[in-house]
Amino acid sequence: MLPLMCPQDVDPKTKPQRSDERDCAPQARKSWKLGLSLGLNMSLIQAIYLAGFGMSAACIQYWNFNAHEVLLTLFCVVFGVMSVSSIVQYIPDSASGHHSAMEVFRLIDQVSKIDATKPTGRIESIGDGSIHFQNVHFWYPHRPEVRVLKKLNFTIQKGQAVALVGFSGSGKSTVIQLLQRFYDPQGGAIRVGGQDLRDLNVAWWRKQVGMVGQEPVLFDVSLEENVKYGYPEATDAQVRDAAQAANMDYVFSGAVKWTDRIGLRGEKLSGGQKQRCAIARALLRRPQFMLLDEATSALDSTSERLVQQAMQEARVGKTTITVAHRLSTIQNSDKIFVMSNGKVVEAGTYHELIHMDGNFAKLAARSL
Ligand SMILES: Nc1ncnc2c1ncn2[C@@H]1O[C@H](COP(=O)(O)OP(=O)(O)OP(=O)(O)O)[C@@H](O)[C@H]1O
């Protein structure tokens with residue numbers, strides 16, 4: 001019988017609440033049923049064994065059956081029944097396994113509209129390197145009732161450090177996803193160096209973009225392999241340069257070695273160390289565009305300062321688009337776009353926007 005763990009069992013002095021009793025009642029009924037069915041099951045098996053051995057003994061003693069053959073037959077039947085019963089207990093799981101497998105195959109068979117493996121699309125230079133969102137309308141295909149971007153317009157020049165800010169749900173992360181071409185806009189166009197993003201080769205374009213998100217995707221392999229992920233042919237000197245640019249001081253001081261495995265999802269590293277590893281990985285490919293989506297939001301102020309410092313040095317010569325809630329992290333941006341309800345409602349430098357006394361000033365007041 002399974003033990004019943006109810007709050008009142010933990011501390012007998014505690015007077016049980018009525019709601020706790022109600023919570024435990026279905027569990028108690030379930031445990032009783034489970035115990036009873038297990039007990040009956042075991043009794044039935046033992047009764048069958050008893051009958052089998054009794055019959056075998058009778059066959060040998062009274063009807064002169066060959067003992068060797070009787071025992072052989074008996075054990076064949078016993079082990080056969082045990083095997084069948086152990087298979088039968090998995091029948092309910094096979095139904096859910098079948099359902100899960102169908103889901104996995106459905107996903108595998110799904111043809112993506114934006115296929116990075118296709119050799120189609122232009123592979124060229126990025127022109128003047130500007131990014132222009134031109135009357136972009138967008139909604140997530142499985143949620144058409146929520147119009148996320150509504151006639152979004154903004155331009156980013158090559159080499160600029162730009163920040164996207166705004167209240168939660170205003171569409172900032174969606175802009176970052178569109179830039180990586182996870183989706184295409186339903187209306188308007190995103191132009192890179194004057195060319196429609198849809199006309200560029202997907203794999204080539206994604207190589208031009210480095211992305212650091214809030215929770216970097218790290219693997220349980222060595223620190224070096226994690227940094228080289230996406231560019232395994234990088235030389236040692238290139239890896240060192242990227243690490244230096246990303247301020248990975250913990251590897252230069254020897255606190256973590258290049259060969260150390262960093263655990264599942266990088267659990268052996270601190271938040272700041274993980275983030276700087278992700279920045280080094282992004283920089284190693286020398287992307288022309290860096291996308292930072294809340295890259296420092298989960299960090300304490302010391303780690304954040306280190307990551308910020310790393311980004312300041314690493315962003316030179318690159319176009320950087322940062323999504324941030326902590327406005328202190330974007331003070332040095334060349335331009336800040338304030339988004340509200342899928343549109344840009346204000347644009348300017350930090351000081352210009354603060355003095356406008358609009359949405360940005362409200363956000364700044366909240367983040368104090
Ligand atoms: N994968 C998705 N599928 C469907 N709807 C989504 C998806 N991701 C975001 N949305 C919706 O799109 C809208 C904009 O979300 P988005 O994440 O771009 O906003 P945000 O400004 O980045 O918000 P936050 O600051 O909270 O991260 C929200 O209404 C959100 O519910």
Side-chain angles (χ1 to χ4, degrees), residues 103-104 106-107 110-116 131-156 161-190 197 202 206 209-217 271 274-275 278 282 289-299 304 307-308 311 319-331 333 335-348 350 353 358-368:
E103 265 304 289
V104 171
R106 191 185 60 77
L107 273 178
Q110 208 168 27
V111 181
S112 172
K113 283 188 194 144
I114 305 168
D115 190 348
I131 294 177
H132 183 32
F133 271 63
Q134 197 175 28
N135 295 328
V136 170
H137 285 267
F138 177 75
W139 57 88
Y140 285 93
H142 56 281
R143 227 177 139 202
E145 68 282 8
V146 181
R147 301 292 151 129
V148 181
L149 303 181
K150 300 163 192 162
K151 218 174 167 197
L152 179 66
N153 282 291
F154 64 81
T155 303
I156 300 169
V162 164
L164 297 178
V165 300
F167 293 107
S168 187
S170 54
K172 305 175 296 287
S173 300
T174 303
V175 168
I176 299 291
Q177 298 204 42
L178 290 180
L179 278 170
Q180 292 172 88
R181 268 208 86 195
F182 291 157
Y183 303 93
D184 280 332
Q186 283 87 0
I190 302 168
L197 200 52
V202 185
R206 287 187 185 155
V209 177
M211 164 77 193
V212 184
Q214 190 172 352
E215 185 54 49
V217 182
K274 280 197 256 185
Q275 221 61 327
F289 303 92
M290 284 289 281
L291 308 179
L292 307 164
D293 191 355
E294 300 276 1
T296 57
S297 61
L299 305 183
E304 186 178 35
V307 175
Q308 281 296 318
M311 279 317 304
T319 308
T320 320
I321 304 173
T322 308
V323 172
H325 277 293
R326 281 193 217 160
L327 302 187
S328 57
T329 60
I330 50 149
Q331 282 191 7
S333 302
K335 199 156 191 181
I336 298 170
F337 293 112
V338 185
M339 289 185 66
S340 171
N341 209 8
K343 280 188 235 166
V344 169
V345 288
E346 286 164 26
Y350 185 90
L353 290 169
N359 284 283
F360 188 79
K362 277 188 208 144
L363 282 168
R366 276 196 193 186
S367 71
L368 279 176

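For ligands, and for the atoms within them, numbers begin at 1 and follow the listed sequence.
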TODO: Please examine the side chains of Q275 and P216, heavy atoms only from C-beta on, and report whether any two atoms are closer than 4.5 Å.
DONE: yes
TODO: Counting heavy atoms only, name the option from Q177, R143, M339, K172 that's nearest to atom 5 (N) of ligand 1.
DONE: R143
TODO: Looking only at protein heavy atoms, identify the closest one to atom 9 (C) of ligand 1 and say how far it is in Å.
DONE: Y140 CE1, 3.5 Å
Task: Atom indices of ligand 1 within 4.0 angstrom of H325 heavy atoms, with elements - done: 24 (P), 25 (O)
Open item on the list: Below 3.5 Å, N or O to N or O, backbone or side chain included: is there any such pair between S170 and ligand 1?
Closed with: yes
Open item on the list: Has Q180 got a side-chain atom pairing as donor or acceptor with I176's backbone, closer than 3.5 angstrom?
Closed with: yes
TODO: If you have a sec, work out which protein heavy atom is nearest atom 26 (O) of ligand 1 and how many Å separate them, to one decimal?
DONE: S168 OG, 2.6 Å
Open item on the list: Take a 6.0 Å sphere around NZ of K150 and say whether it holds more than 12 heavy atoms from other residues, nucleotides or ligands.
Closed with: yes
Open item on the list: Can you tell me if G171 contacts ligand 1 (heavy atom of the residue under 4.0 Å from the ligand)?
Closed with: yes
- [ ] Would you mind reporting whether R181 and I190 have side-chain heavy atoms less than 4.5 Å apart?
- [x] no
Task: Heavy-atom side-chain contact between F337 and V175 under 4.5 Å - done: no
Task: Per-atom contacts of ligand 1 with T174, taking only distances under 4.0 Å to non-hydrogen atoms - done: 14 (C), 15 (O), 16 (P), 18 (O)
Open item on the list: Side chain or backbone, does G169 bring an N or O within less than 3.5 Å of an N or O on ligand 1?
Closed with: yes
- [ ] Starting from atom 29 (O) of ligand 1, locate the nearest protein heavy atom and write down its residue, its atom name and how far away it is, to 0.1 Å.
- [x] V146 CG1, 4.0 Å
Open item on the list: Under a 3.5 Å cutoff, is there a donor and acceptor pairing between the side chains of Y183 and T174?
Closed with: no
Open item on the list: Is the contact between V148 and ligand 1 made by the side chain, the backbone, both, or neither, using heavy atoms and a 4.0 Å cut-off?
Closed with: side chain
Task: pair F182-R206: side-chain heavy atoms closer than 4.5 Å - done: yes
